[in-house]
Amino acid sequence: MSSDDVDLNLVRVFDVLIRERSVTRAADCLGRTQSAVSHSLAKLRTLFGDELFIRDGGNMQPTPRALELVDDLSDALGKIRASIGRYKVFDPATTERKFRVGLTDYHAMIFIPGLIREFSKQAPDATLSVIPANRVEAETTDYFRQVDCTLTGANLKDDPSLIKVELGQDRLLCAVWSGSQIARHPLSLETYLSASHLQISADGLSEGLADAALRERGLKRKVVATISNYLVMPWVLRETELITHCGDAILQMLDDTSEVTLLSPPIPISSVSANIVIHRQMAADPGTLWLRRLITELYHAAQIKKNEIILANNIMA
């Protein structure tokens, strides 16, 4: 196959396969049959002399050659989209696009209800998929090619292919069961260090911000259990003397039935950052820009609500 005979639609198929890792899902995104996508993949394999995607369970994993091609082909497609996008108005009210947003477990708990409501209101014919963006996933550039944008608190490595904007920060607090002995008094360092701790970690291995702060002072806490998400935290704490950590944005999710009391930690601990991250190939895409603005607006609205709760209840004054 001569390069002069290459159909640009093949580049589009490659780009979608890189994101979807499935012929079936790629066909759905492209509005084509599975047979047509498989036929295009066969042409791509012939063109580049490589399998490009190898079946692994239910997914198609890219080969090393495919990963080499990603930057060139996806960036080229991004430039084409940007050139066309300058002359095309994106209207969320009429789009049928399928969007993907990456959220950490912490941010998902806080933002998913409002995000889905506002997304459905502004883009009634579009689809939104929320993809996990915890530390393991969000440490690879390949992850950010598979989503339109990501809201994460991860301390990402500098990468020229990514655009990162900090939206704000949440103070890290201690959370305990409201009926515990610990909840009855201000939290002292002695009580903190002698207590058993619950770690919330997506991979069960990553060190928390509290551990780093303690290590700087030559101290260590006693972690007796680890859970992977914040949603079950109130039930795990219930009827225990465990201490865990969470950002103060969780105030918006708690009520009396949660039976969770938030306390100031006995030592200074770094805040939880909220960064919105997009791959540079999507930077000029009108739909991505709209989704980015929507998430930014919802984040700032949530921060205002959080601060109002803190002031109204004289919390951590």
Side-chain angles (χ1 to χ4, degrees), residues 102-111 132-139 143 150-159 162-176 182 186-231 233 237 242-254 260-277 295-296 299-300 302-307 309-311 315-317:
L103 291 177
T104 62
D105 173 65
Y106 170 71
H107 291 115
M109 178 180 63
I110 299 162
F111 289 104
N134 295 308
R135 182 171 178 175
V136 174
E137 293 91 357
E139 281 188 341
Y143 168 85
T150 299
L151 183 62
T152 176
N155 185 20
L156 303 176
K157 299 175 182 177
D158 289 337
D159 188 330
L162 302 178
I163 298 173
K164 181 175 73 171
V165 178
E166 184 178 284
L167 299 183
Q169 296 188 345
D170 293 334
R171 182 184 174 194
L172 198 68
L173 302 174
C174 295
V176 299
I182 299 174
L187 186 58
S188 68
L189 182 58
E190 181 182 2
T191 300
Y192 179 88
L193 293 175
S194 63
S196 296
H197 287 248
L198 173 71
Q199 170 78 317
I200 304 176
S201 170
D203 60 10
L205 301 171
S206 301
E207 180 183 72
L209 293 170
D211 298 300
L214 287 166
R215 190 175 62 253
E216 289 179 358
R217 292 163 174 79
L219 302 172
K220 187 177 181 180
R221 61 180 177 151
K222 182 171 66 175
V223 175
V224 298
T226 301
I227 57 175
S228 61
N229 63 71
Y230 285 85
L231 290 174
M233 181 261 288
L237 292 178
L242 290 169
I243 298 176
T244 192
H245 287 279
C246 58
D248 60 9
I250 201 173
L251 281 165
Q252 303 164 70
M253 309 300 296
L254 300 178
V260 172
T261 294
L262 299 180
L263 303 169
S264 295
I267 60 171
I269 302 175
S270 299
S271 296
V272 181
S273 297
N275 303 301
I276 193 161
V277 185
I295 292 173
T296 300
Y299 178 85
H300 290 314
Q303 289 294 91
I304 292 172
K305 180 180 177 182
K306 176 190 75 175
N307 291 332
I309 294 172
I310 290 174
L311 289 173
I315 299 173
M316 300 161 291

May I have the step-by-step check of side-chain contact (heavy atoms from CB on, under 4.5 Å) for Leu237 and Leu198, ending in yes or no? CA-CA 8 Å; Leu237 292 178; Leu198 173 71; 4.2 Å; yes
Trace of the side-chain contact (heavy atoms from CB on, under 4.5 Å) decision for Thr244 with Ile227: CA-CA 10 Å; Thr244 192; Ile227 57 175; over 6 Å; no
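If you take CD1 on Ile200 and OG1 on Thr226, they are separated by 10.0 Å, rounding to the nearest 0.5 Å. Rounding to the nearest 0.5 Å gives a distance of 4.0 Å between CD of Gln169 and OG of Ser273. Here NZ of Lys220 is found 12.0 Å from NE2 of His197. Values are rounded to the nearest 0.5 Å. Distance check, rounded to the nearest 0.5 Å: CG of Asp211 to CD1 of Ile269 gives 9.0 Å. Between atom OG of residue Ser196 and atom CD1 of residue Ile182 there is a gap of 8.5 Å, rounded to the nearest 0.5 Å. In this structure, NE2 in His107 is found 6.0 Å from CG in Asp170, a value given to the nearest 0.5 Å.
Residues Pro268 and Glu216 have side chains not in contact (no heavy-atom distance under 4.5 Å, counting atoms from C-beta outward). Counting only heavy atoms from C-beta outward, the side chains of Tyr192 and Leu214 approach each other to under 4.5 Å. Annotation: side chain of Leu189 is in contact with side chain of Leu219 (closest heavy-atom distance under 4.5 Å). Looking at heavy atoms from C-beta onward, Cys246 lies in side-chain contact with Leu262 at the 4.5 angstrom threshold. The shortest distance between side-chain heavy atoms of Leu187 and Ile243 falls below 4.5 Å. Between Ile250 and Met233 there is a side-chain heavy-atom pair separated by less than 4.5 Å.
When every heavy atom of Pro266 is checked against every heavy atom of Ser188, the shortest pair comes out as CB-C, 3.8 Å. The two residues Thr150 and Ala133 make their nearest non-hydrogen contact at CG2-CB, 3.6 Å. Considering all non-hydrogen atoms of both residues, Val176 and Leu242 come closest at CG1-O, 3.6 Å. Taking every heavy atom of both residues into account, Ala249 and Ile110 meet most closely at CB-CD1, 3.4 Å. The minimum heavy-atom distance linking Ala302 with Phe111 is given by the pair CB-CE2, 3.9 Å. Nearest heavy-atom pair across His300 and Leu167 is CE1-O, 3.5 Å.
Centroid-to-centroid, the aromatic rings of His245 and Tyr106 stay 6.0 Å apart or farther.
Between the side chain of Asn275 and the main chain of Val277, no donor-acceptor pair closer than 3.5 Å is present.
Within 6.0 Å of atom CD in Glu166, more than 12 heavy atoms from other residues, nucleotides or ligands are found, so the atom counts as buried in its surroundings. Residue Lys164 places its NZ atom among more than 12 non-hydrogen atoms of other residues, nucleotides or ligands, all under 6.0 Å distant.
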